[in-house]
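Just so it is clear: chains get the letters A, B, ... in the order the sequence lines come, proteins before strands, and each one is counted from 1. None of the values given here were measured: they were computed from a predicted structure.
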There are 4 protein chains.
Amino acid sequence: MQQLKQQVFDANRDLPRYGLVTFTWGNVSAIDRERRRVVIKPSGVAYDTMTVDDMVVVDLNGRVVEGQWRPSSDTATHLALYRRYPTLGGVVHTHSTHATAWAQAGLAIPALGTTHADYFFGDIPCTRALNEQEIADDYERHTGTVIIETLGEREPLQMPGMVVYQHGPFAWGKDAHDAVHNAVVMEEVAKMAWIARGINPLLNPIDPALMNKHFLRKHGPDAYYGQK
Amino acid sequence: MQQLKQQVFDANRDLPRYGLVTFTWGNVSAIDRERRRVVIKPSGVAYDTMTVDDMVVVDLNGRVVEGQWRPSSDTATHLALYRRYPTLGGVVHTHSTHATAWAQAGLAIPALGTTHADYFFGDIPCTRALNEQEIADDYERHTGTVIIETLGEREPLQMPGMVVYQHGPFAWGKDAHDAVHNAVVMEEVAKMAWIARGINPLLNPIDPALMNKHFLRKHGPDAYYGQK
Amino acid sequence: MQQLKQQVFDANRDLPRYGLVTFTWGNVSAIDRERRRVVIKPSGVAYDTMTVDDMVVVDLNGRVVEGQWRPSSDTATHLALYRRYPTLGGVVHTHSTHATAWAQAGLAIPALGTTHADYFFGDIPCTRALNEQEIADDYERHTGTVIIETLGEREPLQMPGMVVYQHGPFAWGKDAHDAVHNAVVMEEVAKMAWIARGINPLLNPIDPALMNKHFLRKHGPDAYYGQK
Amino acid sequence: MQQLKQQVFDANRDLPRYGLVTFTWGNVSAIDRERRRVVIKPSGVAYDTMTVDDMVVVDLNGRVVEGQWRPSSDTATHLALYRRYPTLGGVVHTHSTHATAWAQAGLAIPALGTTHADYFFGDIPCTRALNEQEIADDYERHTGTVIIETLGEREPLQMPGMVVYQHGPFAWGKDAHDAVHNAVVMEEVAKMAWIARGINPLLNPIDPALMNKHFLRKHGPDAYYGQK
């Protein structure tokens, strides 16, 4: 468990390093599938003063099993995603500037180029709005529900992130590090898509053949990007 | 008083650290309610060379009671706010880029998402223009007057900032540190709102239920964000 | 002369520090009015490797009187300004991003708020285009001519900068340091004006009474900003 | 060969320094024309941990002749350019934000000012889309083909870069260092052109006389910018 705490700690510290967060506006978790334990950032604690031992360990129902702090207020969202998708190893939530702007605009981040297609296999969806009941009662769990409703049966590692309407981005991956990596990409393609549409409002979405080529050159059995 | 001077000094030094100021374009103050003294940055002095003892102590009428320098030229605005709102502990003024752009645009920064609602309970208002008389005569005090006219009977800690028309942002909080914190948030949501409206000019304001949820999850008796 | 060389050296090194230049795209000069000598950056030399003794001394006709390098290719523009306006002590040219964008847009940077009015007394003009003859023959001197034609009889310290059509910003001041200061302000207000007009294309120019108030609070006999 | 490896290593490390890359999204190569060998970055290796000896040496058909890693997945594009244009000494590919946005917009980066004309003699072209066959079969080589088709008989050092449709920028130069220099310029003029057109959608392209003046003041037999 100490190793997973270290990974989650490192991944949380990467959030300010990559410019994804202001103050404490972001949290990363990771799961140990065998022991059914999730490690997550404590709520409202600053990245530059927290230590590995401040990480909180919870079970899949959100009960704290280790740690002296309250877990992130978004813990119920993370847990909903882990329970639904067995391939997920890490989850991250931020309010990164450009991805949050798309969430506020209420629009999917369109797949416009290979930078996007190298990581996200299609438009990055925006969820529907939560209704009043979902907000009033168990809000954070319902945030997970609406993400799951939007992602549906898709393999989450092929669409490793989403923006929640009027809220902000969630991303995920095979572990905590990979989740943060995908959050960085989402922020960058959110910025590029804003600028590209500003330059040419009539631009075309990426050619599906080009999208397939780039996604599959990095992912799947025939990938040839990087080292073996 | 030495402790308050240190807090005001630290809060002023945070302005360049958070990218809120160019040159000397910003000032933070804090009040000692018991002694009825306000500590404020000296006018036109650089953040990186000033010392704690350069902070100026004034009474609530603006008379210097301690310190070798002139206080900030905006002192009369700060004092007007402290006199009117007893819950204020700190005030800050900057020309941060995006909040100032909204001031120049003459529009309230609309509440578009949870990032905004976590701190500001509704649109961040833009004041009316000062008239010629108000500008000519006791300009800085009238800047305070127009902020007060716009905020009215609202609790200032629920709307901890505002943009002054064709001028720039003022923010406040329970102390100097909190005021700067709110100024950082205002700049960030000002940037997000600019981008979000660029992406989708027809976007909706935040759902009131979602705004209530987020503001009250962080503020008030039932808050559950952060540690007890 | 060594002191002036130091000032010009320092001011040139401030260009990358303030984010005004990429590579060697900027140069600062200053004048010694008594000796009728101008000190200027050498052409195409990198800011981080140059030394004080690399600064070039020229007379008002551009003849090198000291130094081993060619002076900046823009020297003739600087000299034209010094010859015409006796109050100028320093001149700077950069290709800073947002001011250059206004030069490319072919529009004056409009005075929209107090940030602008604290330094520039009115819209920051954009010159007319040079004609083919002016470009072909003594181009850099004609760049100075067109700036002078645009500024006319105005006191240059009340309008301490301008954008040259399809080229970029020039700024000036009472010395090299002050010129760079004004170049930083021009870049910042150029950015703010772009964003403000993006937010509200129908915004109003700054109220003349407010412009007067802010400019005169910092400049002239009744100034009260800063320390005596 | 060790010297060329050092140059390629240094040039690759400059990519994050100039803010051109996120993660490993960029690669620089250089050619030894006599020995007909190209040195290029290994695929998917991080800039801050790689060493000079991680650089890969390939022949002009892409066979690895030295080095323990796979070469960049874009190697075939680099080689196509070297084979076609004998004056090229270095090639670089990135996903820099603003140049990539123009690639996604599917538009040439228009020549709007002297910043552009100092390096690029005309609009920076955007290639046509690759067709399905070109994507499916030998994709990276066809990326080179479409760049060559677009550049045609022009001297590549007069148009030292291009954006590939829905993909991103490639730049080149007389060596690896020069190629990166041109990639930095392309990103900067891509940003300026976006902003300038946002300010004034009806702006004019640069006056051809001004473009000639600036390009030729820096390049060719009559250049007078910089030191002899």
Portion of V45(D) that has a non-hydrogen atom of chain A nearer than 4.5 angstrom: side chain

Structural part of E140(D) lying under 4.5 Å from a heavy atom of chain A: side chain

Pair Q166(D), T114(A): side-chain N/O donor-acceptor within cut-off below 3.5 Å: no

Separation of K191(A) NZ from T97(D) OG1 (nearest 0.5 Å): 5.0 Å

Part of I135(D) lying under 4.5 Å from any heavy atom of chain A: both

Closest contact, heavy atoms only, G226(A) versus S43(D): N-OG, 2.7 Å

Side-chain heavy-atom pair W25(D), V185(A) within 4.5 angstrom cut-off: yes

Under 4.5 Å from any heavy atom of chain A - which part of T100(D): side chain

Close contacts, residues 192-216 of chain A versus chain D, judged by heavy atoms under 4.5 Å: M192(A), A193(A), W194(A), I195(A), A196(A), I199(A), N200(A), L203(A), N204(A), P205(A), I206(A), D207(A), A209(A), L210(A), K213(A), H214(A)

Segment of T24(D) engaging chain A (4.5 angstrom heavy-atom cut-off): both

Between OH on residue Y139(D) and OH on residue Y224(A), distance to nearest 0.5 Å: 8.0 Å

Contacting region of Y165(D) [heavy-atom separation from chain A under 4.5 Å]: both

